[in-house]
Amino acid sequence: MAKFYITTPIYYVNDVPHIGHAYTTIVADVLARYHRARGNEVHFLMGTDENAQKNVEAALCGQATGARGMATRKIVQRYVDEMSAKWQESWDELDISNNDFIRTTEERHIKYVQEFWKKVFESGDIYKGVYEGLYCTGCEAYKTESELVEGLCPDHKRAPQKLSEENYFFRLSKYRETLLKHIETHPEFVQPEARRNEIIAYIKDHANDFSISRKNLEWGIPVPGDPSQTIYVWFDALLNYVSANSKWWPADLHLVGKDIIKFHCAYWPAMLMSAGLPLPHTVFAHGFFTVDGQKMSKTIGNVVDPVKIAQKYGNDVLRYYLLREIPFGADGDFSETRLRERYNGELANGLGNLVARVLTMVERYVSSVIPDSGRGSMDSLFRGNDNYWGQYESYMQSLILDRALDTVWAYVSELDTLIDRTQPWVLAKKDDKTRLNEVLYILAENLRHIAWMLMPFMPDTTQKIFDQLGLGKSELARDWEETKKWGGLKPGTKIKRGESLFPRLT
Ligand code: ME8
């Protein structure tokens, strides 16, 4: 059994999840479900990044106590506890199938970060120096003058703090050549390709040693042997992927947004090399999306709550829309109007209508019992579905997820055409039982295959299709390669036509 260890970023808890966080998380969930279905031993890790200064700012906002020391820590701890619970509730609402959830304030993490620090220190890659720079708490990173726009961080629209303090540094520059070599010899390491070029340019021109501690902070993990210094949040957060449970390391896939590629494709592998640990197999950085064409922002007031969308339309609809609308890897746009258009056009009129059409005919013409396929089902009527499976598997494995869904919809549309061509209602009138049985069997068995292909994307819909086909829960327990074979739907099975899968929205 092959292992598949997949992670999402651990998100900051200074606010609740928005549609961007849900996107990464849902994509990871699709892949986790796909690999589980294929019989792989999947470990899907998520978590919350709690030691960042931006969480402290959020926790203390409105607390005019000027609290310091213990008092600050208590307030922040209470805040991160509450917020982490909220994040976990949101993922539960969205039915995310993660196997573990790590919080960076947990003992397992803190202990591991300190051990890791010692290892890197012993490798000679940590040294003390004075850092002078402009720190943006929004990014939790130092900024160069050239990155600022009119003195402000372009992403957070505020002036970074001028810092000059004695810090510990990590010798990133020492790993420049090795990193470039690794990326060159492992094209799968940074994906998609456009991001690989971006990271190569970054490593060549900018991968300088970076400060990995901050002085006199009230919150965060103390540097071993020097409690006046706190470990820099990225030198702490990245380690969650191992600290959660080192038995799973190395990860097969880190799924991240393009904003944090430098941390995952330069800092992280160098840190791992220094500690003598293997590197993750692939870091995939997807694009960012806007909302109705605008950058998502609290000031504009267009921040989309994924839980509200899911409650309004259903989890599967949100998943379908996000995965189909945005070419995986590229930037995209979220629009509720587009979601409704896709719902009516592709779910209600497309898939939902096909399922209803086929099952109504089975009910009406063959008394709700799956007919015997007579001559063995495959002839000039239908050239088989191997091509759909072939395309689907290849897109899924190369992470071209929107195209995998396109394949399923091409399949749906071929079946619609098949109905129009064969006109089962005419066959029923002519009493051409052989032909009628054959057509209906082909249609119903193909619905089973379509439901399987949709399973990672729309698990509730898959279950509903199986139920309506009379297959029930046992179908889901079948071996993936077996499910792909023709003939899984046995003649004699009694169907249970249920409610419409996707009632039209008006
Ligand atoms: O960076 N479109 O956490 P974070 C698509 N704690 N994805 C988006 C998005 C958008 N508009 N906005 C956010 C951190 N995301 C660190 C990570 S990991 C060791 C530490 C998603 O809460 C995307 O996955 O700022 C992005 O990388 C992530 O949220 C940033 O989440």
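Hydrogens, waters and symmetry mates are skipped; everything else that's a heavy atom, side chains included, is used. Bear in mind the structure is a predicted one, so any value in this text is a computation, not a measurement.
- Partners of D402 by side-chain contact (heavy atoms from CB on, under 4.5 Å), not counting sequence neighbours, listed by chain and number: P327, F328, I400.
- Taking the six-membered ring for Trp, Y320 and W409 have ring centres closer than 6.0 Å.
- Checked against ring-ring contact (aromatic ring centres under 6.0 Å, His included), H156 has no partners two or more places apart in sequence or in another chain.
- No donor-acceptor contact under 3.5 angstrom links the side chains of Y112 and S246, judged on distance only.
- Of all non-hydrogen atoms in E346 and R324, the two that sit nearest each other are OE1-NH1, 3.3 Å.
- Contact between A28 and L255 at its shortest, heavy atoms only, is N-CD2, 3.5 Å.
- For the salt bridge (charged side-chain N to carboxylate O under 4.0 Å, His left out) test, no residue two or more places apart in sequence or in another chain qualifies with E147.
- Across every non-hydrogen atom of Y232 and A141, the tightest pair is OH-CA, 3.7 Å.
- Shown here is E481, whose CD atom has more than 12 heavy atoms of other residues, nucleotides or ligands within 6.0 Å.
- To the nearest 0.5 angstrom, E89 atom CD is 8.5 Å from K86 atom NZ.
- Between the side chains of E414 and Y388, at least one donor N or O sits under 3.5 Å from an acceptor N or O.
- Residue G220 comes nearest to N51 through the heavy atom pair CA-CB, 4.1 Å, listed as atom of the first residue, atom of the second, then distance.
- Identified under the salt bridge (charged side-chain N to carboxylate O under 4.0 Å, His left out) test for residues 9-32, with sequence neighbours left out: D15-K298, D29-R33, D29-R319.
- A side-chain donor-acceptor contact under 3.5 Å links R176 and N208.
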Exercise. I would like to know whether N55 and Y79 meet side chain to side chain donor-acceptor pair (under 3.5 Å); could you show each step before the answer?
Key: CA-CA 8 Å; N55 298 334; Y79 174 83; 6.0 Å; no
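- Between the side chains of N240 and R108, not a single donor N or O lies within less than 3.5 Å of an accepting N or O.
- E218 and T72 share no side-chain donor-acceptor pair at under 3.5 Å.
- Legend: residues meeting ring-ring contact (aromatic ring centres under 6.0 Å, His included) with Y135, ordered by chain and number and at least two apart, are Y142.
- One side chain, Y313 or E336, offers a donor N or O that lies under 3.5 Å from an acceptor on the other.
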Would you be so kind as to tabulate the donor-acceptor pairs closer than 3.5 Å made by side chains of residues 261-271, with sequence neighbours excluded?
unit_1, atom_1, unit_2, atom_2, d
H264, ND1, I260, O, 3.0
H264, NE2, Y241, OH, 2.7
W268, NE1, H254, NE2, 3.1

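- In this view, E150 satisfies the side-chain contact (heavy atoms from CB on, under 4.5 Å) rule with no residue, not counting sequence neighbours.
- When the side-chain contact (heavy atoms from CB on, under 4.5 Å) test is applied to K128, the partners found at least two apart in sequence or on another chain are E166, Y168, D226.
- The minimum heavy-atom distance linking G151 with P160 is given by the pair O-CD, 3.5 Å.
- In summary, K215 and E165 do not engage in a salt bridge, as defined by a charged side-chain N under 4.0 Å from a carboxylate O.
- For the residue pair I450 and L351, the shortest heavy atom distance occurs at CG2-CD1, 4.0 Å.
- Checked for salt-bridge contact, K181 and E184 miss the test: no charged N lies under 4.0 Å from a carboxylate O.
- The residues D81 and R103 are annotated as salt-bridged, a charged nitrogen and a carboxylate oxygen being separated by less than 4.0 angstrom.
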Quiz prompt | salt bridge (Lys or Arg N to Asp or Glu O under 4.0 Å) evaluation trace for E325 with R338 | solution = CA-CA 9 Å; E325 176 81 4; R338 278 292 291 149; 3.2 Å; yes
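- Scored by the ring-ring contact (aromatic ring centres under 6.0 Å, His included) test, H18 finds H21 as partners (sequence neighbours excluded).
- Using modelled atom types and a 3.5 Å distance limit, the side chains of N385 and Y411 yield a donor-acceptor pair.
- A distance of 12.5 Å separates CD of E115 from CD1 of I110, quoted to the nearest 0.5 Å.
- Aromatic ring centroids of W117 and F235 lie under 6.0 Å apart.
- Side chains of H43 and N245: a donor-acceptor N/O pair is absent below 3.5 angstrom, by distance only.
- With sequence neighbours excluded, the residues forming a ring-ring contact (aromatic ring centres under 6.0 Å, His included) with Y34 are W480, listed by chain and number.
- Side-chain atoms of H206 do not come within 3.5 Å of backbone N or O of Y202 as any donor-acceptor pair.
- For the side-chain contact (heavy atoms from CB on, under 4.5 Å) test, residues two or more places apart in sequence or in another chain that qualify with D252 are K3, F4, Y5.
- Residues T104 and E50 bring no donor and acceptor atom of their side chains to less than 3.5 Å of each other.
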Identify every side-chain donor-acceptor pair in residues 274-289 under 3.5 Å, counting partners at least two apart or on other chains, and give the distances.
unit_1, atom_1, unit_2, atom_2, d
S274, OG, D125, OD2, 2.6
T282, OG1, E188, O, 2.9
H286, NE2, T24, OG1, 2.9

Quiz item: Does the ring pair (Phe, Tyr, Trp, His ring centres under 6.0 Å) test come out yes or no for F169 and Y131, once each step is laid out?
Solution: CA-CA 9 Å; F169 283 73; Y131 200 92; 5.5 Å; yes
